[in-house]
2 protein chains.
Amino acid sequence: MAKEEAPARDKDTAGSPARRASDRGRYGRLNRERVLASALELVDREGLSALSMRRLGAELGVEAMALYRYASSKDALLDGLVEALYLELEERLGAEPEALAGDPSDWRAELRRIARATYDVCLAHPQAVPLLATRMLAVPLAQRPNAVLRNHERLLALLRAAGFDETRASGIFRAFTAWLLGYVSVELQPMVDNPDEPDPAFRLGLHRLSPQELPTLRETAPSLAERGGPEGLADGLDALLDRFTRP
Amino acid sequence: MAKEEAPARDKDTAGSPARRASDRGRYGRLNRERVLASALELVDREGLSALSMRRLGAELGVEAMALYRYASSKDALLDGLVEALYLELEERLGAEPEALAGDPSDWRAELRRIARATYDVCLAHPQAVPLLATRMLAVPLAQRPNAVLRNHERLLALLRAAGFDETRASGIFRAFTAWLLGYVSVELQPMVDNPDEPDPAFRLGLHRLSPQELPTLRETAPSLAERGGPEGLADGLDALLDRFTRP
DNA sequence: TCTGTATGTATACATCGTAAATGTACGCTC
DNA sequence: GAGCGTACATTTACGATGTATACATACAGA
């Protein structure tokens with residue numbers, strides 16, 4: 001039914017179609033990278049709930065079923081989004097793992113750097129953050145996307161190189177992950193009721209909160225809605241590292 | 001308010017149907033509490049993805065549409081589950097807020113107690129934990145379920161009573177929430193590939209991990225799969241409180 | 001006994017994920 | 001070039017889901 005705008009305008013114009021590489025008569029337009037990039041962009045733009053196979057297909061000028069060549073199910077597609085986030089993280093961190101190249105005594109700085117880069121990626125894709133706390137953690141370790149596993153490897157290698165034994169390294173790893181994911185989850189959600197409202201109290205919808213039963217929450221809410229920013233992340237991380245690396 | 005189950009056992013016992021309280025000719029079988037309890041039980045038993053309106057209806061011996069009297073949409077139902085979790089938390093914490101009754105100097109112990117109780121609730125309903133990191137945080141502050149708001153109020157009142165100003169209290173509140181949610185999210189997910197496998201390495205699916213590219217992860221995985229338990233939670237919390245309450 | 005309201009059912013529709021069969025255009029060999 | 005195999009995309013179809021709407025029923029109070 002040719003919902004296309006570009007293609008095969010005239011099947012036999014003779015003089016005809018002058019194909020560009022990206023336009024070879026509906027053939028080979030897709031690849032996994034494009035699919036995931038488009039999915040992430042859609043999620044960024046309209047939220048996770050807007051992501052359906054049909055919708056993503058339309059976004060790419062393709063039927064929904066075509067996507068199954070590049071992600072074997074919708075769950076796999078979501079895992080792919082997680083992968084995309086971690087690929088973006090790797091890019092920001094630089095290709096080669098610093099852990100192996102750098103000075104082992106800088107492991108704290110390196111952890112901070114990784115945490116900060118993760119924060120930045122999440123800040124760029126706030127709507128996708130829930131995927132980390134749910135999809136990613138729900139998938140058994142060994143089945144997580146490769147980019148995720150590489151990230152795990154990087155962290156663990158860093159810690160082992162710094163001299164921590166397995167048990168120690170695991171503890172630090174878990175604390176790092178918990179704090180990082182918790183922090184971005186709490187920080188990067190709206191909390192705002194009506195974003196277009198100029199008055200902060202109304203923007204937060206505070207008029208819904210009973211002053212009798214929730215007095216403290218009501219008066220603290222505006223301050224609560226502020227962000228700790230990357231500094232808050234780094235502060236907490238330092239505190240946790242102090243504790244979890246104690247003898 | 002008469003959402004009771006006690007009443008009107010046998011309108012006219014005559015010979016006939018011997019109605020039990022739970023069986024009055026399909027009328028008045030439901031109430032919000034029962035719906036939410038049943039939903040939570042279903043999630044506990046078969047996971048979040050098993051929760052559909054039809055399925056939950058069947059569980060209660062009722063058509064799907066009947067549920068809409070008690071939750072105006074599926075999203076509202078999920079929010080109801082969050083509420084149910086927080087009600088359970090309140091039960092464990094005791095009815096009256098300790099913050100107002102207790103000694104303000106015990107605020108750290110009280111925070112630990114709340115964290116521990118939350119951990120216990122999550123441990124009892126691991127399949128529902130993702131709801132906290134997603135649904136709960138995604139809902140604008142003022143629209144969160146009442147039990148959640150009461151929990152926020154309790155925490156903030158506790159901190160204000162301990163002498164922290166709004167800004168300070170907010171910072172501690174956010175750190176507390178982030179750590180707590182991150183910790184239970186990381187801790188209470190399976191990580192296991194094939195639960196029935198006796199050998200730990202196979203149970204984790206480690207054979208899928210390339211020894212060349214992921215050596216450290218491979219050797220650390222068994223230790224990673226262990227839990228930090230409530231002690232780990234308390235340790236990290238203490239560390240964060242030290243940091244976020246510094247002058 | 002009658003009537004209004006609270007409660008649950010019946011029916012219907014749009015949308016979703018996805019299995020299976022079908023077409024279509026390219027790269028290859030001849 | 002002609003023809004073929006295969007990678008790619010479409011078509012069609014099915015069952016499940018959330019939910020709007022209209023209806024039926026059972027109880028409570030007059």
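Protein chains get the first letters and strands the later ones, always in sequence-line order, with residue 1 at the start of each.
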Considering only NZ, NE, NH1 and NH2 on the basic side and carboxylate oxygens on the acidic side, decide whether [X] and [Y] come within less than 4.0 Å.
X	Y	answer
B:Glu90	B:Arg154	no
B:Glu59	B:Arg34	no
B:Asp193	B:Arg208	yes
B:Arg116	B:Asp120	yes
A:Arg135	A:Asp75	yes
A:Arg150	B:Glu213	no

Specify the separation, in whole Å, of atom [atom1] of [X] and atom [atom2] of [N].
X	N	atom1	atom2	result
A:Leu30	C:dC26	CG	P	14 Å
A:Asn31	D:dC8	CG	P	10 Å
B:Met65	D:dG18	CE	P	11 Å
B:Leu56	D:dT19	CG	P	13 Å
B:Arg34	C:dT7	CZ	P	14 Å
B:Arg32	C:dA6	CZ	P	18 Å
B:Arg29	C:dA6	CZ	C1'	14 Å
B:Glu63	D:dA20	CD	P	17 Å

Handout entry: A:Phe173 and A:His152 aromatic ring geometry - parallel, tilted or perpendicular at 30°/60° bounds
Key =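 Correct class here is perpendicular.
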
Practice task
Side chain of A:Tyr70 only, please: which of D:dC8, C:dA20, C:dG8 is the nearest?
Solution key: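 Looking only at side-chain atoms, A:Tyr70 lies closest to D:dC8.
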
Exercise for the section: Report the nucleotide, chosen from D:dT11, C:dA10, C:dG8, that has the shortest atom-to-atom distance to any side-chain atom of B:Ala66. Expected result: C:dG8

Handout entry: Close side-chain approach of B:Met65 and B:Met53, heavy atoms under 4.5 Å
Key = no

Exercise for the section: Classify the side chain of B:Arg69 and the base of C:dA6 as holding, or not holding, a donor-acceptor pair under 3.5 Å. Expected result: no

Protein N or O to nucleotides 15-17 of chain C N or O, pairs below 3.5 Å:
residue : atom : partner : partner atom : Å
C:dG17  : OP1  : A:Lys74 : NZ           : 2.8
C:dG17  : OP2  : A:Met53 : N            : 2.9
C:dG17  : N7   : A:Arg54 : NH2          : 2.7
C:dG17  : O6   : A:Arg54 : NH2          : 2.7

Completion exercise
With five pairs defining each end axis, the helix from C:dT1-D:dA30 to C:dC30-D:dG1 comes out bent, to 10°, by 10°

Handout entry: Short side-chain to backbone donor-acceptor contact, B:Arg54 and B:Ala64, under 3.5 Å
Key = no

